[in-house]
Amino acid sequence: MKLKLLEKYKDFLPISSNTPMISLGEGFTPLVKTKHLGEMFGIDLYLKYEGTNPTGSFKDRGMVMAIAKAIEEGAKSVICASTGNTSASAAAYAAAFDLKAVVVIPAGKIAMGKLAQAMIYGAKVVQVDGNFDDCLKMVKKVSEEYPVVLVNSLNPNRLEGQKTAAFEIVDTLKKAPDYHFLPVGNAGNITAYWMGYTQYHKASKISSLPKMMGFQAEGAAPIVRGHVVEKPETIATAIRIGNPASWKKAERARDESNGVIDMVSDEEILQAQKLIASKEGIFCEPASASSVAGVIKMAKKGIFKGGECVVATLTGNGLKDPNAVLNEVPEISTIPNDLSALVKEVGF
Ligand code: F0G
């Protein structure tokens with residue numbers, strides 16, 4: 001049987017003899033060496049594709065740890081605010097391991113696939129007439145006052161689990177990359193990766209550390225702008241966040257690694273999403289593509305000298321948000337039910 005993520009990295013995780021070693025098959029995701037994109041920029045570009053996790057996003061790495069600890073502590077229910085992926089993941093792990101899940105989401109701003117996931121896994125889904133930041137404020141308060149465990153990334157076990165992606169990258173490359181590009185929303189993941197890299201460095205598994213390169217969407221870029229964005233807007237709904245919970249920690253990761261937190265436009269995000277699919281055969285959701293949009297932006301700026309090892313994380317599966325694509329595609333031609341019409345249409 002395949003090794004479980006919690007078992008593989010137990011020496012680096014907050015695991016005791018009482019922690020249940022649960023799994024839905026998370027982690028062990030592919031690190032794909034790009035066939036075309038890296039060459040375009042003269043770098044060795046790898047994509048860490050997190051869309052193959054059980055619920056289709058990187059959240060499962062953190063959720064398995066958070067749910068294991070919640071069970072260990074005797075919890076009966078968990079709660080989270082979400083732009084979609086955290087809620088899908090919390091709902092799945094709660095369903096499988098006999099906890100009640102309450103997920104609180106901004107009304108009308110969740111990609112269709114993610115909403116379907118939370119529903120089918122049987123979570124109590126509540127929509128708020130507000131944005132993610134409003135939802136997070138509420139669930140935080142509820143978890144302080146009622147017997148329910150918060151499984152947003154404010155829960156340190158979430159970041160502990162998520163750092164395993166950095167371990168996997170190093171275990172595959174046998175070194176740290178020179179640069180690591182990530183989308184930034186609530187800023188937990190960039191924090192978690194930095195924890196992972198620095199822990200492996202301390203354990204002498206790597207002799208260098210990557211520069212952490214975080215990318216927010218232009219309409220939801222509080223860290224870049226240096227102030228809370230009251231009304232965040234972006235097509236990348238997963239990172240439509242105006243007041244990230246791990247703001248300071250992400251800044252620390254940036255500064256300690258000599259990295260950058262910058263922003264990309266919705267247009268750049270959609271172009272990158274299309275490029276990743278059409279050049280590499282990988283379909284990621286819009287928020288995920290902001291990492292590669294960041295690589296493109298930095299390449300244009302001339303930061304690469306040539307031959308650098310660069311990893312970009314693709315955080316979620318494109319199938320979660322088909323509308324983001326279908327709203328953009330040109331009209332599809334319809335032909336009569338006739339072979340010659342097909343031959344003509346294709347241009348053989
Ligand atoms: N990419 C995707 C696909 C996400 O779902 C998220 C966050 C991020 C990137 C950003 O990661 O928040 O750690 O900086 N989604 C959260 C959610 C907020 O509720 O699913 P971050």
Side-chain angles (χ1 to χ4, degrees), residues 28-53 56-58 165-166 168-184 189-190 193 210-218 234-236 238-239 259-260 262-330 332 346-348:
F28 307 96
T29 58
L31 183 68
V32 182
K33 178 149 195 202
T34 55
K35 285 133 201 89
H36 301 97
L37 289 183
E39 212 169 282
M40 280 164 67
F41 308 118
I43 54 177
D44 280 340
L45 177 62
Y46 294 83
L47 304 174
K48 181 65 170 164
Y49 183 45
E50 292 287 279
T52 63
N53 275 296
S57 88
F58 72 100
E168 286 178 14
I169 290 165
V170 170
D171 290 346
T172 304
L173 294 176
K174 312 285 178 217
K175 62 175 182 181
D178 298 311
Y179 292 90
H180 192 119
F181 284 73
L182 283 159
V184 173
N189 211 27
I190 191 169
Y193 268 88
K211 291 183 169 56
M212 301 304 295
M213 311 291 283
F215 284 82
Q216 304 195 289
E218 226 167 57
T234 168
I235 182 154
I239 52 171
V260 166
D262 199 348
M263 58 189 177
V264 283
S265 68
D266 279 5
E267 200 186 331
E268 289 171 310
I269 288 172
L270 291 174
Q271 275 172 0
Q273 184 192 28
K274 196 168 169 192
L275 207 59
I276 300 159
S278 62
K279 295 286 181 200
E280 304 296 336
I282 299 176
F283 183 21
C284 68
E285 63 172 290
S288 307
S290 65
S291 61
V292 171
V295 173
I296 297 170
K297 182 170 179 174
M298 291 297 115
K300 282 183 183 158
K301 258 193 166 169
I303 72 158
F304 304 124
K305 308 258 173 307
E308 287 92 339
C309 177
V310 178
V311 175
T313 300
L314 302 180
T315 43
N317 196 309
L319 293 171
K320 284 170 171 277
D321 191 2
N323 291 337
V325 176
L326 295 175
N327 293 340
E328 301 287 321
V329 292
I332 303 169
V346 180
F348 285 121

Trainee: For Ile269 and Ala236, work out which heavy atoms get closest and say how close.
Mentor: CD1-CB, 4.3 Å
Trainee: Could you tell me whether the side chain of His180 and the main chain of Pro210 form a donor-acceptor pair under 3.5 Å?
Mentor: no
Trainee: Do Leu31 and Glu168 come within less than 4.5 Å of each other through their side chains, counting heavy atoms only?
Mentor: no
Trainee: Could you tell me whether the side chain of Phe41 reaches within less than 4.5 Å of the side chain of Glu308, counting heavy atoms only?
Mentor: no
Trainee: Got a sec, which residues hit side-chain hydrogen bond (donor to acceptor under 3.5 Å, both in side chains) with Thr34, two or more places apart in sequence or on another chain?
Mentor: none
Trainee: Between the side chain of Lys211 and the main-chain N/O of Val260, is any donor-acceptor distance below 3.5 Å?
Mentor: no
Trainee: Once salt bridge (Lys or Arg N to Asp or Glu O under 4.0 Å) is applied, do any residues pair with Asp178, and if so which ones, sequence neighbours excluded?
Mentor: none
Trainee: Out of curiosity, Ile239 CD1 to Glu285 CD, how far, rounded to the nearest 0.5 Å?
Mentor: 9.0 Å
Trainee: Enumerate the ring-ring contact (aromatic ring centres under 6.0 Å, His included) contacts for residues 306-325, please, sequence neighbours excluded, ordered by first and then second residue.
Mentor: none
Trainee: Write down the atom of Leu37, the atom of Glu280, and the distance for their closest heavy-atom approach.
Mentor: N-OE2, 2.8 Å
Trainee: What I'd like to find out is whether the side chain of Val311 reaches to under 4.5 Å of the side chain of Leu173, using heavy atoms alone.
Mentor: yes
Trainee: List the residues meeting side-chain hydrogen bond (donor to acceptor under 3.5 Å, both in side chains) with Asp171, not counting sequence neighbours, and say none if there are none.
Mentor: Tyr9, Tyr200
Trainee: Can you find a heavy atom in the side chain of Val325 that is under 4.5 Å from one in the side chain of Phe283?
Mentor: yes
Trainee: Are the side chain of Glu328 and the backbone of Leu326 linked by a donor-acceptor contact shorter than 3.5 Å?
Mentor: no
Trainee: Lys33: what forms a salt bridge (Lys or Arg N to Asp or Glu O under 4.0 Å) with it, not counting sequence neighbours?
Mentor: Asp44
Trainee: Can you name the salt bridge (Lys or Arg N to Asp or Glu O under 4.0 Å) partners of Glu218, sequence neighbours left out?
Mentor: none
Trainee: Please identify each residue that fulfils side-chain hydrogen bond (donor to acceptor under 3.5 Å, both in side chains) with Ser278, with sequence neighbours left out.
Mentor: none
Trainee: Using the test ring pair (Phe, Tyr, Trp, His ring centres under 6.0 Å), find all partners of Phe58 that sit at least two apart in sequence or belong to another chain.
Mentor: none
Trainee: Sequence neighbours left out, what passes side-chain hydrogen bond (donor to acceptor under 3.5 Å, both in side chains) with Asp321? Give chain and number order.
Mentor: none
Trainee: What is the minimum heavy-atom distance between Met213 and Gly259, and which atoms define it?
Mentor: SD-CA, 4.1 Å
Trainee: Which side-chain N or O atoms in residues 289-297 pair as donor and acceptor under 3.5 Å with protein atoms at least two apart or in another chain?
Mentor:
from   : atom 1 : to     : atom 2 : distance (Å)
Ser290 : OG     : Ala287 : O      : 2.7
Ser291 : OG     : Ser288 : O      : 2.9
Ser291 : OG     : Thr313 : O      : 2.9
Lys297 : NZ     : Asp262 : OD1    : 3.3
Lys297 : NZ     : Met263 : O      : 2.8

Trainee: Listed by chain and number, what are the ring pair (Phe, Tyr, Trp, His ring centres under 6.0 Å) partners of Tyr49, not counting sequence neighbours?
Mentor: none
Trainee: Is it true that, when you exclude Lys274 itself, more than 12 heavy atoms of the residues, nucleotides or ligands shown sit nearer than 6.0 Å to its NZ?
Mentor: no
Trainee: According to ring pair (Phe, Tyr, Trp, His ring centres under 6.0 Å), who are the partners of Phe304, at least two apart in sequence or on a separate chain?
Mentor: Tyr179
